[in-house]
Amino acid sequence: MTIPTKKKMAPAASKLYADDVSLLMVLIDTNPFFWNSINTSLSFSKFISNVLAFLNSILLLNQLNQVVVIATGYNSCDYIFDSSALQNHNQKGESLLQKLEEFVDKDESLCRDDSVDGPGFSLLSGSLSMALCYIQKVFRSGPLHPRPRILCLHGSPDGPGQYVAIMNAIFSAQRSMVPIDSCIIGAQHSAFLQQASYITSGIYLKPQLLDGLFQYLTTVFATDLHSRSFLQLPKPVGVDFRAACFCHKNTIDMGYICSVCLSIFCKHHKKCSTCGSVFGQAQTQDSSTPDRKRKTSVDN
């Protein structure tokens with residue numbers, strides 16, 4: 001008589017093939033000028049408490065989930081939390097708060113209050129680049145890895161000077177099939193993040209009630225990529241595809257594009273400031289001359 005043997009349990013590494021294992025890169029906006037100018041009931045301390053509760057829920061959904069937090073300041077950005085680097089998971093909250101406080105103090109020391117008007121711009125392009133670099137490092141670590149995605153908790157206005165860097169990061173995320181989710185906590189929409197979520201097939205949401213931020217985070221952004229195909233998640237009503245000109249950093253509806261480097265300008269220039277290509281005369285001036293000659297010849 002043969003005695004049935006118990007099946008050996010699969011090692012933890014093989015579970016990484018599951019579709020519900022996520023690597024969540026969270027980008028939090030710590031711009032001090034934005035948080036000082038916000039006129040809602042959501043303070044920075046309450047915002048961080050909601051984020052901590054959300055991160056704990058992500059780690060509780062699956063023991064193999066990984067969370068990395070990047071602080072996006074006014075002058076700099078830095079990693080402040082990595083769940084895979086902690087030996088004692090009971091101290092993850094204290095570690096995050098300590099590094100966040102150190103980062104905010106360092107970022108505020110680099111700011112000049114007299115040189116900033118209004119909420120200012122946070123360094124979103126830098127934090128996106130850091131998140132993508134971390135994801136590429138995970139991709140190259142081996143075939144077994146969680147499915148990455150990026151969540152931007154952003155409130156500061158768009159920085160027109162970061163348009164090129166942000167678009168490059170968006171196209172890099174699209175090529176790597178990394179969705180960029182956006183949760184806007186500011187008063188106005190973000191055209192850059194609207195394009196980022198649309199191009200990378202992510203989720204863009206601007207909560208109507210910031211008091212329920214934790215509910216928005218858990219019901220919308222806690223879902224893994226596999227479960228999103230079964231859920232009815234919110235979709236943006238419209239996407240602002242306007243670009244920012246390279247000369248004045250203003251958002252424009254129509255402009256001139258360099259045929260060599262694809263730089264965008266709001267006015268006609270004789271020379272491209274990016275690649276140095278020499279332009280001809282504007283088409284509006286050249287097209288009017290032949291039409292006038294053609295009309296005079298017909299009249300005669």
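Looking at every heavy atom in both residues, Phe192 comes nearest to Gly159 through CE1-O, 3.3 Å. Closest approach of Phe171 and Ile199 over heavy atoms only: CE2-CD1, 4.1 Å. Among all heavy-atom pairs drawn from Ala222 and Leu61, the shortest one is O-CD1, 3.8 Å. Between Ile150 and Ala131, the shortest heavy-atom distance links the atoms CD1-CB, 4.0 Å. Among all heavy-atom pairs drawn from Ser125 and Ser129, the shortest one is O-OG, 2.9 Å. Lys267 approaches His269 most closely through the heavy-atom pair O-CD2, 2.9 Å.
Panel note: side chain Asn62, backbone Val21; no donor-acceptor pair is recorded below 3.5 Å. Distance alone, capped at 3.5 Å, places no donor-acceptor pair between the Asp158 side chain and the Ser190 backbone. A donor-acceptor distance shorter than 3.5 angstrom exists from the side chain of His154 to the backbone of Ser156, with no hydrogens or angles considered. At distances below 3.5 Å, not a single donor-acceptor pair connects side-chain atoms of Arg149 with backbone N or O atoms of Gly202. In terms of modelled atom types and a separation under 3.5 Å, the side chain of Asp107 and the main chain of Asn75 share a donor-acceptor contact. In this structure, Ser83 contributes its side chain and Val67 its backbone to a donor-acceptor pair below 3.5 Å. Distance alone, capped at 3.5 Å, is enough to place a donor-acceptor pair between the Thr223 side chain and the Val220 backbone. In this structure, the side chain of Ser122 does not engage the main chain of Tyr74 through any donor-acceptor pair within 3.5 Å. Counting only distance, with no hydrogens or angles, the side chain of Gln162 and the backbone of Leu124 share a donor-acceptor pair below 3.5 Å. Checking side-chain atoms of Asp224 against main-chain N and O of Ser22 turns up no donor-acceptor pair under 3.5 Å.
Residues satisfying the side chain to side chain donor-acceptor pair (under 3.5 Å) test with Asn36, not counting sequence neighbours, are none. Annotation: side chain to side chain donor-acceptor pair (under 3.5 Å) contacts of Thr218 (sequence neighbours excluded): none. Contacts of Phe47 classified as ring pair (Phe, Tyr, Trp, His ring centres under 6.0 Å), with partners at least two apart in sequence or in another chain: Trp35.
Interatomic distance, Thr30 OG1 to Ile70 CD1, rounded to the nearest 0.5 Å: 11.5 Å. Rounding to the nearest 0.5 angstrom, the gap separating the CG atom in Leu217 from the CG atom in Leu55 is 9.0 Å. The structure places OH of Tyr216 at 5.0 Å from CG of Leu209, a figure rounded to the nearest 0.5 Å. A distance of 11.5 Å separates CG in Leu97 from CD in Glu102, rounded to the nearest 0.5 Å. Note that CZ of Phe33 and CD1 of Ile38 are 15.5 Å apart. Values are rounded to the nearest 0.5 Å. The CD1 atom of Ile166 sits 7.0 Å away from the CG atom of Leu193 when rounded to the nearest 0.5 Å.
When side chains are defined from C-beta on, Val138 does not count as touching Pro148, because their heavy atoms never get closer than 4.5 Å. Counting heavy atoms from C-beta outward, Val178 and Thr200 have side chains that stay 4.5 Å or more apart. Inter-residue side-chain proximity for Met130 and Cys77 is flagged as met; some heavy-atom pair is nearer than 4.5 Å. Side chains of Arg228 and Ile203 form a contact here, defined as non-hydrogen atoms less than 4.5 Å apart. Considering only heavy atoms from C-beta on, Tyr256 stays 4.5 Å or farther from Phe279 through its side chain. The closest side-chain heavy-atom distance from Cys183 to Phe221 is below 4.5 Å. Annotation: side chain of Tyr204 is not in contact with side chain of Gln195 (no heavy-atom distance under 4.5 Å). Between Val51 and Leu96, every side-chain heavy-atom pair lies at or beyond the 4.5 Å cut-off.
Around atom NZ of Lys46, more than 12 heavy atoms belonging to other residues, nucleotides or ligands sit under 6.0 Å away. Around atom CD of Gln215, more than 12 heavy atoms belonging to other residues, nucleotides or ligands sit under 6.0 Å away.
Linking Ile, Leu, Val, Met, Phe, Trp and Tyr residues whenever their side-chain heavy atoms come within less than 4.5 Å leaves Leu27 and Leu123 in two separate clusters. By the criterion of side-chain heavy atoms lying less than 4.5 angstrom apart, applied directly or through intervening Ile, Leu, Val, Met, Phe, Trp or Tyr residues, Met167 is not grouped with Met177; the two fall into different hydrophobic clusters. A continuous path of hydrophobic side-chain contacts links Leu231 to Leu24 [ILVMFWY only; heavy atoms under 4.5 Å]. Note: the hydrophobic cluster containing Leu151 does not contain Leu225 (ILVMFWY, side chain heavy atoms under 4.5 Å, direct or indirect links).
Within the 6.0 Å centre-distance limit, the rings of His145 and Phe139 are counted as a close aromatic pair.
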Trace of the side-chain contact (heavy atoms from CB on, under 4.5 Å) decision for Ile58 with Val26
CA-CA 11 Å; Ile58 294 294; Val26 182; over 6 Å; no
Please determine whether side-chain contact (heavy atoms from CB on, under 4.5 Å) holds for the pair Leu100 and Val104, giving the CA-CA distance in whole Å, both sets of side-chain angles, and the decisive distance to 0.1 Å.
CA-CA 6 Å; Leu100 178 61; Val104 171; 4.1 Å; yes
Check against side-chain contact (heavy atoms from CB on, under 4.5 Å), Ile28 and Ile48
CA-CA 9 Å; Ile28 59 176; Ile48 294 299; 4.2 Å; yes
Would you check, one step at a time, whether the test side-chain contact (heavy atoms from CB on, under 4.5 Å) holds for Leu128 with Ser172?
CA-CA 10 Å; Leu128 282 175; Ser172 178; over 6 Å; no
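Between the side chains of Asp82 and Gln66, at least one donor N or O lies within less than 3.5 Å of an accepting N or O.
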